[in-house]
Amino acid sequence: MNQADRYTELYSMEEAPLLKALREETGRKLEYDDMLCGPVVGSLLQLLARMISARTVLEIGTFTGYSALHMAMAIPADG
């Protein structure tokens, strides 16, 4: 792991238990688990959705829903 990867992991949001469970289950059951965006990119998507106060999210091309869940966690309950 390089310095930039260590830095981003250190300063990214902590992965929620539901997201961690989905990521680990994907790794156990699916051959192409590298198609997941990963915790750091997921945190960025969540941060961007929060920054623009998104109320709606549309993801086209969902694998197991990992990145969609990240963004869904950033929108309000009535979003």
Side-chain angles (χ1 to χ4, degrees):
M1 183 181 295
N2 65 36
Q3 253 186 328
D5 289 337
R6 280 193 292 275
Y7 178 86
T8 53
E9 283 190 5
L10 182 63
Y11 291 102
S12 292
M13 293 181 279
E14 186 175 341
E15 187 177 34
L18 173 67
L19 292 164
K20 183 176 180 181
L22 176 58
R23 183 175 48 81
E24 290 173 350
E25 184 76 4
T26 300
R28 280 193 298 274
K29 295 197 172 180
L30 298 176
E31 182 178 351
Y32 299 107
D33 63 325
D34 59 335
M35 290 176 55
L36 284 178
C37 69
V40 173
V41 173
S43 292
L44 175 62
L45 291 170
Q46 200 173 94
L47 176 65
L48 293 171
R50 281 196 179 119
M51 285 174 58
I52 64 169
S53 301
R55 299 186 56 76
T56 305
V57 173
L58 172 65
E59 181 176 43
I60 299 172
T62 299
F63 180 49
T64 60
Y66 182 79
S67 57
L69 278 175
H70 266 285
M71 292 182 284
M73 294 172 78
I75 63 175
D78 64 341

Margin query: Working to the nearest 0.5 angstrom, can you tell me the gap between Leu10 CG and Asp5 CG?
Written below: 12.5 Å

Checklist line | Cluster check Leu36, Tyr32: I/L/V/M/F/W/Y, side chain < 4.5 angstrom | finding: yes

Notebook entry, point to check: Do Leu30 and Met35 sit in the same hydrophobic cluster, where Ile, Leu, Val, Met, Phe, Trp and Tyr count as joined when their side-chain heavy atoms come under 4.5 Å apart?
Noted result: yes

Check: Hey, is Arg23 close enough to Asp33 for a salt bridge, meaning N to O under 4.0 Å?
Finding: no

Shortest non-hydrogen contact from [X] toward [Y]:
X	Y	answer
Ile75	Arg55	CD1-O, 4.0 Å
Met73	Arg50	O-NH2, 3.8 Å
Cys37	Gly42	SG-N, 3.7 Å
Leu22	Thr64	CD2-O, 3.7 Å

Note to self: I want to check something: taking the side chain as every heavy atom from C-beta on, are Leu44 and Leu48 in contact at a cut-off of under 4.5 Å?
What the structure shows: yes

Check: Are Asn2 and Arg6 side-chain neighbours, meaning at least one heavy-atom pair lies under 4.5 Å?
Finding: no

Checklist line | Contact list for residues 39-79, test ring pair (Phe, Tyr, Trp, His ring centres under 6.0 Å), sequence neighbours left out | finding: Tyr66-His70

Notebook entry, point to check: Side chains of Gln46 and Ser43: do they bring a donor and an acceptor to under 3.5 Å?
Noted result: no

Next item on the list: Taking side-chain hydrogen bond (donor to acceptor under 3.5 Å, both in side chains) as the test, write out the residues that go with Glu24, two or more places apart.
Entry: none

